[in-house]
Amino acid sequence: MASKRALTAYPLVSIFIFAVLAAQIVSGFRRTYQWWPFLSYPMYASSHFDQERIDVSYSIYAVTPDGTRHYLDPDMDLGIGFWRYGRLARQLGVNHLKSNAHSLEEIRSRYPNLLRVEVEDYPMMITRDGPKAAPRLVTNIIPRDAIDEAVK
Amino acid sequence: MTLRGVIERWDRYWFPNAPLLDLAMLRIIAVGAQLGLMLLDPRYQLFRLTEATKLLDSYYKPLPFLRPIVFALGGHKITAHEIQGLYILALIFGFCALIGLFSRYAMFLFAFSYAIIQLWLLSFGDIHHPEAAMTVALIFLALSPSGAVLSVDAMLRKQQSLKEQLLATDHLAKWPILLLQWFFGLMYISAFWAKLWVGNFHWANGFTLQYYLAEDGMRWHSLLGVWMSQYYWLSLFGQWAVLLFQATFFLSLLFPRLKWFYVPIGMAMHIGIYLMFKAPFFQWVALYFVFIPWTAVFVFLGWLPADQARRSQLIRASAA
C-alpha cells in the first residue's frame, strides 16, 4: 500500500514524467539544439559513398601580397576551438560570409594586408579498401573585397 | 479500458513498490561519475570555463532554459568568474549528494548548478550530447528519494538498522530509473530516425561507417578505427546491427527480459564507439548502469540478508 506522501506525489511526478517524455519525443525528431537537454541525435547520420572525400580536418589560410599562406589556428589565431573552426570552414567553403563576419573581421585584423582567404580540406577519400590519399582541395577562395563587404 | 483503468496501469508501471537501494546506487554512480569528470577530465575542469569567455560576444546566445535565469538576474550577462564560483559550489553540493549528506537539498543544488554551468557553456554555440543525459539523470535523482538509503542522512536518522535500510522499498523509487531507461530508448529512436532521414535512406551502405571510422580514426588518432575502416563487409554488418539495435531497443523496456540481450550489447557498443571513434560518451557508459537491477544482483550474491519470500519479492521488484 502506497504511503499518503507517495499518493500525493503521483499526479505531480506523473506530469513531470509525461513532460519529459513528450519533450524528448518532439526534440528527438527535430534538428534543433535549442531545447537542450532535449535533443535530437543525428551524430554520424549522414550517408557517405565510395570515392568520397573525408573531412579529416579543415584548414583556413590568409594569403598575403608576398604569396605566403598563413595558416589560421583554431585556438591560437581565432580562439574558437576545433568544432567551431570546422563549422566556420564549412560555412566559408559555401560563401556564408555575412553570418561569419566576426571571424572574418578577426582574420582581417590579424592580417590587415591579406589578399584573400582560402579554405582547404584534408586530402583523403574513402574506398572499399579503406582510406586513400587524394589531391589537395581548396574548397573556396574568398577575395579581399568580399571579406570587406561581409565585415562592413 | 476506462480512464480509471489507464491511470491505475500508469501508476502500477511508474510507481511500484521498488527497492530504494537501486535508486541509491544510481545516485552514487551518476554523481560519482560526474564529479570524477569535473575533477579529472580536462574537458570539464575549472579552467575550461574561462575559454568560452575569450570568444566574441556574438557567439553568446542564451539557450531557452537559461533565459529565465538571465531574466531573473535582470538581464545580467553571467561572467566566467561567476560560473567558476558556481562550479566550486557544484563540487561541494556534488560531494554532499554522493555521500548522501542533506541529500535532498544537495542533490537538487548539484543538479541545478550543473545544469546552469552546462547551459551557460552551450550558449556559446558548441552543443554536445553526452552532458544532456547526465543533466536529466541528476534532475530525476534530485526529485526522488535517492538519498533515503546508502547515505549519511540514513545513518544519522537511526530509525532503521542498516539491514532494514538495504531492504527498504518505496513507491517513488522506481520512476527515475524507468524514466532514464526510457530516455535512453528515445535517444536511440532519435538516432535511428536521423540515420534514415538525414542519411536519405542510404545510410547502411558499408561506406558510411568506413568513412566515419577513417575520419575520426585519423582525426583523433585511433588505430583501431583506421584499421576497421579497411573492411567494407564488417562495416556493412556493423551498420545494419546498429540500425536494428537502435530501432528496437525500446522493446527491452516493454519486455524487461530482453534487457539481458540489449544492455550488454549497448554497453559494448558505447565502449566500442570510444575505442574506434574516440567519442568520449563517458556519461552514457556510467548511466548505463541504470539498467543493472542492483538489489537483485546483491540478493543473488547473498549480500542482502532476507528470507526466501522477501528475496524473490525484491528480485522481481528490482528486475522489473
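In what follows, chains carry the letters A, B, and so on, assigned in the order in which the sequence lines appear, proteins first and then strands, with residues in each chain numbered from 1. This one's a predicted model, so the numbers in the text were calculated from it and none came from an experiment.
When the shell of 6.0 Å around CZ of A:F18 is examined, it contains 12 or fewer heavy atoms from other residues, nucleotides or ligands. Heavy atoms of other residues, nucleotides or ligands lying less than 6.0 angstrom from CZ of B:R43 number more than 12. The local environment of CG in B:L223 is sparse, with at most 12 non-hydrogen atoms from other residues, nucleotides or ligands closer than 6.0 Å. Around CZ of A:R144, the count of heavy atoms belonging to other residues, nucleotides or ligands within 6.0 Å exceeds 12. Open room surrounds CZ on B:F108; 12 or fewer heavy atoms of other groups in view lie less than 6.0 Å from it.
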Checklist entry - Would B:L179 and A:V20 count as a side-chain contact (heavy atoms from CB on, under 4.5 Å) if you check the C-alpha gap in whole Å, the side-chain angles of each, and the deciding distance to 0.1 Å? => result CA-CA 8 Å; B:L179 190 53; A:V20 167; 4.2 Å; yes

Checklist entry - Would B:Q230 and A:D129 count as a side-chain contact (heavy atoms from CB on, under 4.5 Å) if you check the C-alpha gap in whole Å, the side-chain angles of each, and the deciding distance to 0.1 Å? => result CA-CA 5 Å; B:Q230 299 171 83; A:D129 300 319; over 6 Å; no

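For chain A, the option among B:A279, B:A191, B:G217, B:A133 with the highest count of heavy-atom pairs below 4.5 Å is B:A191. The choice from B:R219, B:E215, B:K195 that makes the most heavy-atom pairs within less than 4.5 Å of chain A is B:R219. Contact tally against chain A (heavy-atom pairs below 4.5 Å) for B:I7, B:I139, B:L143: the top residue is B:L143. The candidate with the highest count of non-hydrogen atom pairs below 4.5 Å against chain A, out of B:A204, B:G199, B:G206, is B:G199. Here B:N205 is the residue among B:N205, B:L178, B:V136 with the most heavy-atom pairs under 4.5 Å with chain A. Ranked by non-hydrogen atom pairs under 4.5 Å with chain B, the options A:R128, A:Q24, A:R87 are led by A:R128. Note: B:L119 leads B:L196, B:V226, B:L119, B:N200 in heavy-atom pairs under 4.5 Å with chain A.
Considering all non-hydrogen atoms of both residues, B:M218 and A:I54 come closest at CE-CD1, 4.2 Å.
Centroid-to-centroid, the aromatic rings of A:F16 and B:W14 stay 6.0 Å apart or farther.
When heavy atoms are compared at a cutoff of 4.5 Å, B:W220 approaches chain A solely by way of its side chain, counted from C-beta outward. Contacts of A:S27 with chain B are absent, with no heavy-atom separation under 4.5 Å from either backbone or side chain. Only the side chain of B:W10 comes within contact range of chain A, with at least one heavy atom under 4.5 Å from a heavy atom of that chain. Residue contact with chain A, scored on non-hydrogen atoms closer than 4.5 Å, involves the side chain of B:F65 exclusively. Heavy-atom distances place no part of B:L213 under 4.5 Å from chain A, backbone and side chain included. Of the two parts of A:R53, only the backbone, made up of N, CA, C and O, holds a non-hydrogen atom closer than 4.5 Å to a non-hydrogen atom of chain B.
Taking CG from A:D50 and OH from B:Y232, the interatomic distance works out to 9.0 Å, rounded to the nearest 0.5 Å. A distance of 12.5 Å separates OG of A:S47 from CZ of B:F207, quoted to the nearest 0.5 Å. Atom CH2 of B:W182 sits about 8.0 Å away from atom CG of A:L21, to the nearest 0.5 Å. Note that OH of B:Y211 is 5.5 Å distant from CD of A:E52, once rounded to the nearest 0.5 Å. Rounding to the nearest 0.5 angstrom, the gap separating the CZ atom in A:F49 from the NE2 atom in B:H202 is 5.5 Å. Note: A:I17 CD1 to B:F140 CZ = 8.5 Å, rounded to the nearest 0.5 Å.
Scanning residues 36-45 of chain A against chain B with a 4.5 Å non-hydrogen threshold yields A:W36, A:P37, A:F38, A:L39, A:S40, A:Y41, A:P42, A:M43, A:Y44, A:A45, sorted by number.
Legend: side chain to side chain donor-acceptor pair (under 3.5 Å) pairs involving residues 130-141 of chain B, not counting sequence neighbours, sorted by first then second residue: B:Y44-B:E131.
Under a 3.5 Å cut-off, the side chain of B:S190 and the backbone N or O of A:F29 do not form any donor-acceptor pair.
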